[in-house]
Amino acid sequence: MVKFQSLKPLIFFHLLVNVLIVFFITGASYFHIPLEGFKDTAVYMMHLVALQITVAGFVYVLSLIPWVFRIVFPLLFVIYACFSFWAYTQDVSITPSLLQAIFETKTDIAVDLITIPYVLFILAVVAVLFFLLKYYNRLEPKKNLKLWIVPAILCIGLFFFLEDKRRGSLKNRLPYNLVYGINAYFEMPKLQLNHEVEYSNTTTDSLKVILVLGETVRADHLGLNGYARNTTPKLSARENLISFPKLYTAYTYTGASVPQLLTDRNLSDMERPLTTLFTVANTAGYKTSWIGNQTLEKSYSPVVETNQQVMLVDEYKSEFSFAKELDGVMIAPADSLLKTTSKQLITLHMIGSHWWYENRYTEEFRKFSPVIDSKYVPSLEPEELINSYDNTIVYLDWFLDELISVLEEDPAPTLLIYVADHGEHLGENGKWLHAQAGEEAKNPAYLIWYSEAYGNQFPDLIKGLKDSSNKSLTTDTFFYTALNLLDIDFKL
Ligand SMILES: [Zn+2]
């Protein structure tokens, strides 16, 4: 029989280590989650406890080999604390693109991040580690190994069990997101691209196109598509606007749908190297630029990089950040780009209507209320979720209308193409959000606006668009339609 007295030092040590890890590292992933009421708080506390139990298992195993523990543990603790400071103070998410910036030395950004509070935080971390290691040196870490090893392995097993039940539930948070982020960074994109086209020409010497790549917008929640609520008052009043309410996609998440929309990928032929819209446009003499309000995912970053210019406006905050910039920040850079040359394709990649909806628009667009006040879906009323979602569409209506106003002022023929990457579940069959099976996420919004000058120069193209506007379309055709609208004749 093991006496509790003899177990005490080890128990206290591990309790202390884990409390400090929560304070300095893992707690950061939970700090910015908007919580409302006891139930929300309780759910996220349980989540944090479960995550920390898995961490405790790994720490125990690490503590069994003293020299490894003395070197590896402080090193990991400091590295993690460096990241958690950003997560605490700026709600930065650890993504492969953030890691890419770190690994590929953007020194100006790195220097900007080193502030006095940051240095103080790291000094506190070093002091805590010093104390912990002194404590550790007095312990016999392998004492009662037989008693501890099985629970420790079960704690580690809990990580794999929970990840298996719901992918990403733990690995998107500290400390696991760093491991997975590094892994994703080093796993180079599998997307094979073809950078040469046989020919690509246009006879047009002046044409400016803004392609807006929307996010998570269902066609049936647009007032102009017959939705009962007038979510699109500005666009509904626009002339020269054609909507395609019957566009269907096979993909329900960004990483898969974006490469399909922007390349010649089609569902029947997935293996060959893909050619991007931008490669064809570049060859035809267009200036191609990408302005993104989303961090690039490795699944489509090679596609984006075929643009001549790539600007990311809010690079280090993922869609899960609660302090993400609004899409409106892309209007000014697009406006100045438009003035630079006469043949342009500018792509704006929105964060759009991606969860969490309340971060996608400002007060003045809150047309429908009550709105959501928590991130925990089960605690929310369906009406609140739909109200918040519809308010993001009201913001989209303003955003596109502003872009059209910019294009309208340009004497060149101009065109705005808006296509969302996929839709969203709004309670159908008890489902919410996206990236899961179901038809509601497969009917994205799709609109085209053209200037008078464009309409006069390309009457046949406009007629073709109008004729097909009520037909059932798939996203496989988007690549060809877009190049057609750019007046490009090409062979791949
Ligand atoms: Zn998406």
Side-chain angles (χ1 to χ4, degrees), residues 93 95-97 167-168 172 184 189 191 211-222 244 247-263 265 267 274 276-277 290-304 310 312-315 317-322 324-327 329-330 347-361 375 377 385 388-393 395-396 399-400 417-426 428 431-447 473-476 478-479 482:
S93 315
T95 58
S97 42
R167 266 178 82 102
N172 287 333
L191 201 62
L211 165 60
V212 180
L213 191 55
E215 177 64 68
T216 319
V217 175
R218 285 167 65 143
D220 66 347
H221 274 244
L222 267 59
F244 304 81
L247 176 71
Y248 296 95
T249 177
Y251 300 111
T252 58
Y253 59 97
T254 312
S257 65
V258 168
Q260 200 235 352
L261 280 168
L262 302 179
T263 69
R265 171 180 275 176
L267 290 176
L274 302 171
T276 78
L277 203 61
W290 177 279
I291 305 176
N293 191 23
Q294 285 202 36
T295 51
L296 296 182
E297 290 177 25
K298 62 163 188 158
S299 54
Y300 64 83
S301 63
V303 175
V304 174
V310 178
L312 299 177
V313 296
D314 196 15
E315 202 169 349
K317 295 198 186 96
S318 82
E319 64 273 30
F320 299 110
S321 164
F322 292 100
K324 182 108 192 77
E325 288 280 6
L326 291 168
D327 285 318
V329 298
M330 295 189 286
T347 306
L348 305 186
H349 189 200
M350 300 179 73
I351 187 66
S353 304
H354 198 289
W355 183 251
W356 196 57
Y357 310 138
E358 284 304 299
N359 279 12
R360 307 299 173 225
Y361 67 93
K375 201 203 161 203
V377 175
L385 282 150
S388 285
Y389 181 81
D390 286 346
N391 290 334
T392 68
I393 310 288
Y395 183 84
L396 171 71
F399 177 73
L400 294 180
I417 306 173
Y418 170 85
V419 64
D421 59 348
H422 50 77
E424 183 85 318
H425 298 288
L426 291 170
E428 294 85 4
K431 281 184 190 172
W432 297 92
L433 315 186
H434 61 267
Q436 45 188 339
E439 294 312 302
E440 291 73 23
K442 293 185 177 174
N443 177 210
Y446 178 25
L447 308 166
L473 307 167
T474 79
T475 45
D476 274 358
F478 182 77
F479 172 85

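Residues: numbered from 1 along the sequence shown. The analysis underlying the following values was restricted to heavy atoms, covering all of them including side chains, and did not include hydrogens, waters or symmetry mates. All ligand and atom numbering here is 1-based and tracks the order in the structure.
- Look at His422 and the Zn ion (ligand 1): an N/O/S atom of the residue is under 2.8 Å from the metal.
- Among the atoms of Thr254, an N, O or S atom falls under 2.8 Å from the Zn ion (ligand 1).
- Distance alone, capped at 3.5 Å, is enough to place a donor-acceptor pair between the Arg360 side chain and the Trp355 backbone.
- Minimum-distance N/O/S atom of Glu215 relative to the Zn ion (ligand 1): OE2.
- Under the 30°/60° scheme for interplanar angles, the aromatic rings of Phe399 and Tyr395 are found to lie parallel.
- Shortest distance from the Zn ion (ligand 1) to Asp421 is reached at OD2 (N/O/S atoms only).
- The distance from the CD atom of Gln294 to the CD atom of Glu325 is 14.0 Å, given to the nearest 0.5 Å.
- When the salt bridge (charged side-chain N to carboxylate O under 4.0 Å, His left out) test is applied to Asp390, the partners found at least two apart in sequence or on another chain are Arg229.
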